[in-house]
Amino acid sequence: MATSSFSRGCFVFKPSAKKKKMTVGLERYFTHGSEGSESSEVRFKICLDLWNKVKMETEALQDELNRNILDSLLEFTRKCSSTRDHSDWASQMRASEIPTAALVLGVNIPDHDMTFQSLSDLLRHSVTPHVASLQAKECGALKHLMKRVLERLMGTFVAVGDEEEEELQQTNPELQKSVHCSLTALCDWYISKTKKSSCSAPGKKRSSSVVDGQHQQPPVVIIFKDLEAFNPRVLQDFILICSRYIQRLPLMFIFGIATSPSTIQHMLPNSVSSMLCIELFQSLSCTQHLTTVIDKLILTSSFPFKLSGKVMQVLVSIFLYHDFSVRNFIKGLQLALLEHFHSQPLSSLCCRKNEAQLNVQQLGPADLERIRQLPSFKRYLKEQEEQDNLMTDDAHLKDVCQKLIKDLHKYHKNYYPILRCLHCLTSSLPRYPLGKQIRELHLICLEKNVWESEDYQSAMTLLKMLAKDELISLLQTCAEVLQPVRSKKMRNALVQLEELLAKLKLLDVAVVGTAAAEVAPSVEENLTAPVRNLQKKTDLFQLQKMLLEMNESRRSKRMSPFEILRNEAVEFVDSLVKNHLSPPESKPLYEVCYYTSSATVRRHLNATPRTSIQAALSSPYSYIQNDGLKTEDGTVSNVAPDICIAYKLHLECGRLINLYDWLEAYSTVVSAAEGSNPDSDGFGKVDEVKHARFTRAVSELEFLGFIKATRKKTDHVARLTWGGC
């Protein structure tokens, strides 16, 4: 951060409060209630580093994926602002219309905010400082829409009426007089602003006429983030008003569309849409965005934290069947990251290879005992001859763990390149036997041995039918995937793959034709001999025997050199898959890197509000943590909040609840909580305070949807739910 001071001194720049608050919250979450508190500081540091890495990688990917569409929008803005300076007839006709960019972003609405924020920043930095972003929820009427536009462009308070202006002067007398809510005021403000900017540096020369025009008359850009949610009548009136000021004010609209460009036709009649010069812009689809995020963040050995197949399936299912939001997918990934490092004491080993081996040496006796109890380590232990040594000698166990962690990193380093190679080969096959997207193939490999599935066998069969050019193209793609990988096994695989490619390219078509011609007579003789015998014999047993012989003769036909090489290439790929695509559960100590609790992720991301509300009302102690609320057998304490007491009493009633009986029961419970004598005459009697408290509790239950008023009996309410938590 730069300063404008010329004096000597010490300058302190405090971090942002939001970032500091998040860091403190994460640290508190780790230090309170996490298992394995002796390594909590190390786990917190690793988790925070990975959290920040996910955030930075996501933002970089977002900028990279939106770069083309944002650059197109910037170019459109510059072109529209320069059109006003031309004098030809076509340009003047366009200048009488409001330039409008229809930006189709898709239904992943939670991701739109980041895109519009990047667009606003780019526009302010490159084209114009006058940018206003609007949402439908704050523009319910035309006056509110005008007010928001003027306030965000002019940076001052805009009074809609005289009463609002008088109220502002009374509450803030030092504040300057507010601006009248009209586009005339905006035009006057814009003219004064452009005059100031043109007079501020009279001696400076412009590089071109286009840049000069942009600096003298920068456009006024208004962004409608969620066009479908706007009131069509309000939008129509606003466009009609703006069209009358287009000669004085260089306005430009950007429509954020979630569904289809035809939305503009449905919302705006022809008389209004004819005043707009609309150009369509299509952003990248959310599924392509997700594929890129998974490829960069999950399917890489540089990111040590991994998701199990079930957790990955939960996150992808929520994306596909709920909101199509990549932003929410990233939140799910961060949630799994946080839960893993909080609940797994051995997650301090989930880091880069060198750091993990160093952390192994710092493990305490409790952590070593946890390693011995891991299911994957128990399976590994059964295969070893030195079982007693590993169970008793801590130093030897640390050495073995270092080797196992190193092997786990090697496994990941070889797994992802082979996964991409297999996807390159099978994604072009008919009906996509192993899935069209690489995430589908990854899920299959996480759950079981992929080579044992029928889909894999059919894929290998189809690969053995590929033509020469197609096979060479696919193998070259695999070679490009293996090229940057720094692994001894992958380098050896690359050498063998390049040898196969060289043999295929040097294959002479003439030699293949000659060999086939020499083989043809003998093959024809072998095939026609059984047929001649079939014509002589009609016995059913002999017929079956001859058919089997014909089938065997077809199988024993000599293959051409290309077919031999093609089978060799497919078998080579099959060997790579069997060697490197085994499920991670087969590897010792995989638990330190893989998060497996899919139920926790589903519970947090697929929230069930009614169940949570019922749990809070039935057991308030779990939320308030007050010892006075502890109860047994599902009862509610008489000192619980009023709504909890009323809820518990309403569970004991039938379909219709008598309000007076309910009030008396509530008063009795509350009187016991106040310590009144049960034998006194005033015990359980309803006073004004209890009646008011009961009325508020009943209103809250009605608001939450547990009861409703009924016309059958005026002094009764009807229950809407059945059963408790």
Where is the tightest heavy-atom contact between [X] and [Y], given as atom of each residue plus distance?
X: L429; Y: A459; result: CD1-O, 3.7 Å
X: T156; Y: E151; result: O-CG, 3.3 Å
X: L299; Y: I438; result: CD1-CG2, 3.7 Å
X: T100; Y: I98; result: OG1-O, 3.1 Å
X: T426; Y: P433; result: O-CD, 4.2 Å
X: V234; Y: G140; result: CG2-O, 3.7 Å

Any donor-acceptor pair under 3.5 Å from [X] side chain to [Y] backbone:
X: R124; Y: V131; answer: yes
X: E138; Y: Q135; answer: yes
X: T710; Y: V717; answer: no
X: R152; Y: S133; answer: yes
X: S126; Y: L123; answer: no
X: Q236; Y: M267; answer: yes
X: D455; Y: L434; answer: no

So, Q117 and D113: side-chain donor and acceptor under 3.5 Å apart, yes or no?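 Not at all, the side chains of Q117 and D113 share no donor-acceptor pair under 3.5 Å.
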S325 and D111: side chain donor to acceptor below 3.5 Å: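 Yes - a donor-acceptor pair under 3.5 Å links their side chains.
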Would you call K296 and E64 a salt bridge, using N to O less than 4.0 angstrom?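 Looking at E64 together with K296, the answer is no, because their closest N to O distance does not fall below 4.0 Å.
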Under a 4.0 Å threshold between the charged nitrogen and the carboxylate oxygen, would K436 count as salt-bridged to E440?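 Result for this pair is no, no salt bridge flagged.
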Rounded to the nearest 0.5 Å, what's the gap from [atom1] on [X] to [atom2] on [Y]? Could you check?
X: R327; Y: T58; atom1: CZ; atom2: OG1; result: 11.0 Å
X: C139; Y: R148; atom1: SG; atom2: CZ; result: 6.5 Å
X: L183; Y: L251; atom1: CG; atom2: CG; result: 7.0 Å
X: I643; Y: L701; atom1: CD1; atom2: CG; result: 4.5 Å
X: Y416; Y: C421; atom1: OH; atom2: SG; result: 15.0 Å
X: T77; Y: M252; atom1: OG1; atom2: CE; result: 3.5 Å

Is [Y] close to [X] at the side-chain level, that is, under 4.5 Å between some pair of heavy atoms?
X: Q614; Y: Y647; result: yes
X: L227; Y: I264; result: yes
X: F224; Y: L235; result: yes
X: H322; Y: N328; result: no
X: T721; Y: H650; result: yes
X: N66; Y: S118; result: no
X: I69; Y: T115; result: no
X: L333; Y: L297; result: yes

Y432, OH: over 12 other non-hydrogen atoms inside 6.0 angstrom: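 Not buried by this count: 12 neighbours or fewer within 6.0 Å.
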Inspect the surroundings of NZ in K53 and state if more than 12 heavy atoms from other residues, nucleotides or ligands are less than 6.0 Å away.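 Buried by this count: over 12 neighbours within 6.0 Å.
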Starting from the C-alpha separation in whole Å, work towards a yes-or-no answer on side chain to side chain donor-acceptor pair (under 3.5 Å) for Q265 and S262. CA-CA 5 Å; Q265 299 175 357; S262 60; 5.8 Å; no
Show, in sequence, the C-alpha distance, side-chain angles and deciding distance for V149 and F238, and conclude whether the side chain to side chain contact (heavy atoms under 4.5 Å, CB included) test is met. CA-CA 11 Å; V149 170; F238 181 72; 4.1 Å; yes
F319 and T287: CA distance, side-chain angles, deciding distance, side chain to side chain contact (heavy atoms under 4.5 Å, CB included) verdict: CA-CA 9 Å; F319 172 84; T287 52; 4.2 Å; yes
Output every pair passing ring pair (Phe, Tyr, Trp, His ring centres under 6.0 Å) with a member in residues 105-135, not counting sequence neighbours, ordered by first then second residue.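 Checked against ring pair (Phe, Tyr, Trp, His ring centres under 6.0 Å) - neighbours excluded - the pairs reaching residues 105-135 are H130-W189, H130-Y190.
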Before you tell me yes or no, could you show the steps for L142 and M146 under side chain to side chain contact (heavy atoms under 4.5 Å, CB included), namely the whole-Å CA-CA distance, both residues' side-chain angles and the distance that decides it to 0.1 Å? CA-CA 6 Å; L142 179 61; M146 297 284 289; 4.2 Å; yes
What salt bridge (Lys or Arg N to Asp or Glu O under 4.0 Å) pairs are there with at least one residue in residues 219-243, not counting sequence neighbours?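 Pairs touching residues 219-243 that pass the test: R233-D237.
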Could you walk me through whether L605 and L315 pass the side chain to side chain contact (heavy atoms under 4.5 Å, CB included) test, one step at a time? CA-CA 9 Å; L605 298 181; L315 295 179; 3.5 Å; yes
